[in-house]
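In what follows, a structure is listed as structure tokens, so that the remarks can point back to it.
Because the structure is a prediction, the values reported are computed rather than measured. Whatever order the structure lists them in is the order used to number ligands and atoms, beginning at 1.
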Amino acid sequence: MSLKGKVALVTGSTSGIGLGIAQALAAAGADIMLNGFGPADQIEKERAGIQAAHGVKVGYNGADMSKPDQIAAMVAATAKAMGSVDILVNNAGVQFTANIEVFPNERWDQFIAIILSAVFFGMKAAIPVMKARGWGRIINIASAHGLVASPQKVAYVAAKHGVVGMTKVAAIELANEGVTVNAICPGWVLTPLVQKQLEDRAAKEGSTVEKVTHEMLTEKQPMAQFSTPEQVGALAVFLCSDAAKTITGAPLSIDGGWVAQ
Ligand code: NAD
């Protein structure tokens, strides 16, 4: 399947799942706009590496996904520099855990801004571009936590449930516009975000990363293994294909059976 001639904007693609998705879409032929934080030289290395490996155009925009005006400006800048925004992957995310009564207010606001509101502002800016071309794919990276809850993750779970709801609204509104909107709901994927959770938990429990890895996986997933950014990337590529033309408004689990229970 070729995405040649399509332009994909992937938020939070300097690391982890977003980077895996950007690489998979580039391998399928799409031009890519990267976004996310990190050291400039490392980002440039990734950008140039993807461009060279797949012979596609790869740009970078450092918009802060907690800032609505920067999100709109990034979508406009991508359309201007690369000719369109055909595929929007809303992926940027953060993690923090605490019980509700001690969950810091500023963390709540930050999570709602980056995980929930950014998806709204990104879709709002990209939808007119997609409608004008009669083709588009919006892929929102939600989570198993968009479908079920865990303790100590109030803002994350609330925001991800909101992302799943917003995905359904957008899918209905765009059903006859050539634009599909879906949510990918991963279980555990080994990325820097999860590595930090493992290390924090091992330190807190005086345990080893290996031991808490097994515990953390089997607490939630019947299948005791991580999904990979490459697998999530392959699912995103599939959602952009003609075969997936009528899949819309769906939360798609890639979670080792987490929410089957
Ligand atoms: P990660 O920490 O490896 O990557 C997060 C990315 O988001 C980075 O590129 C970071 O720079 C970017 N980012 C963070 N705040 C930003 C901001 N304000 N503006 C722009 N970019 C910002 O994390 P990951 O594990 O790859 O997570 C990616 C997405 O997948 C998140 O939405 C996360 O909730 C979701 N997810 C992850 C898992 C998992 O197990 N790793 C499971 C389910 C869902």
Side-chain angles (χ1 to χ4, degrees), residues 9-24 32-40 42-43 46-47 60-75 88-97 106-107 109-119 121-122 139-150 153 155-164 166-167 183-201 213 216-217 219-221 223 225-233 235-236 251-256 258-259:
L9 167 57
V10 186
T11 74
S13 48
T14 53
S15 169
I17 293 174
L19 182 57
I21 292 173
Q23 284 165 334
I32 306 291
M33 183 61 81
L34 297 171
N35 159 263
F37 298 150
Q42 214 169 299
I43 294 173
E46 288 295 352
R47 191 204 64 74
Y60 167 73
N61 186 299
D64 181 340
M65 298 306 289
S66 68
K67 305 278 188 321
D69 52 339
Q70 292 189 26
I71 298 170
M74 173 172 65
V75 172
L88 171 66
V89 183
N90 287 303
N91 166 80
V94 282
Q95 190 53 270
F96 173 82
T97 54
E106 56 281 8
R107 284 280 188 186
D109 289 340
Q110 180 204 26
F111 272 56
I112 297 305
I114 296 173
I115 300 179
L116 184 65
S117 301
V119 179
F121 290 115
I139 300 170
N140 297 325
I141 306 306
S143 168
H145 285 119
L147 303 169
V148 295
S150 293
K153 293 193 173 181
Y156 188 82
V157 169
K160 292 295 192 186
H161 273 68
V163 169
V164 171
M166 215 187 308
T167 299
I184 294 181
C185 298
W188 290 123
V189 183
L190 191 54
T191 65
L193 184 144
V194 167
Q195 184 65 32
K196 186 172 177 306
Q197 285 184 66
L198 291 168
E199 286 164 9
D200 289 352
R201 180 162 159 176
T213 297
M216 212 162 96
L217 279 170
E219 264 166 21
K220 297 293 183 187
Q221 296 190 183
M223 193 181 288
Q225 59 179 270
F226 288 106
S227 299
T228 65
E230 291 74 23
Q231 289 162 343
V232 182
L235 180 53
L252 297 157
S253 292
I254 172 164
D255 69 356
W258 183 326
V259 306

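The side-chain contact (heavy atoms from CB on, under 4.5 Å) with Leu235 is formed by just one residue from the set Ile139, Ile21, Ile254; it is Ile254.
Residues satisfying the ring pair (Phe, Tyr, Trp, His ring centres under 6.0 Å) test with Phe111, not counting sequence neighbours, are none. Residues forming a salt bridge (Lys or Arg N to Asp or Glu O under 4.0 Å) with Asp109 (at least two apart in sequence, or on another chain): none. Evaluation of the salt bridge (Lys or Arg N to Asp or Glu O under 4.0 Å) rule for Arg201 yields Glu205, Glu215, Glu219 as partners, not counting sequence neighbours.
Rounded to the nearest 0.5 angstrom, Met216 CE and Lys220 NZ are separated by 10.0 Å.
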What does the N/O contact table under 3.5 Å look like for ligand 1?
| unit_1 | atom_1 | unit_2 | atom_2 | d |
| --- | --- | --- | --- | --- |
| ligand 1 | 3 (O) | Ser15 | OG | 2.6 |
| ligand 1 | 9 (O) | Gly12 | O | 3.2 |
| ligand 1 | 9 (O) | Thr14 | N | 3.4 |
| ligand 1 | 9 (O) | Thr14 | OG1 | 2.7 |
| ligand 1 | 11 (O) | Thr14 | OG1 | 3.4 |
| ligand 1 | 11 (O) | Phe37 | N | 2.8 |
| ligand 1 | 18 (N) | Asp64 | OD1 | 2.9 |
| ligand 1 | 19 (N) | Met65 | N | 2.8 |
| ligand 1 | 25 (O) | Thr191 | OG1 | 2.4 |
| ligand 1 | 26 (O) | Ile17 | N | 2.8 |
| ligand 1 | 32 (O) | Asn91 | O | 2.7 |
| ligand 1 | 32 (O) | Lys160 | NZ | 2.9 |
| ligand 1 | 34 (O) | Tyr156 | OH | 2.6 |
| ligand 1 | 34 (O) | Lys160 | NZ | 3.1 |
| ligand 1 | 40 (O) | Gly187 | O | 3.3 |
| ligand 1 | 40 (O) | Val189 | N | 2.8 |
| ligand 1 | 40 (O) | Val189 | O | 3.2 |
| ligand 1 | 41 (N) | Val189 | O | 3.0 |
| ligand 1 | 41 (N) | Thr191 | OG1 | 3.2 |

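Remark: Arg107 is positioned above the aromatic ring of Phe96, its terminal NZ or CZ atom under 6.0 angstrom from the ring centre and at most 45 degrees off the axis.
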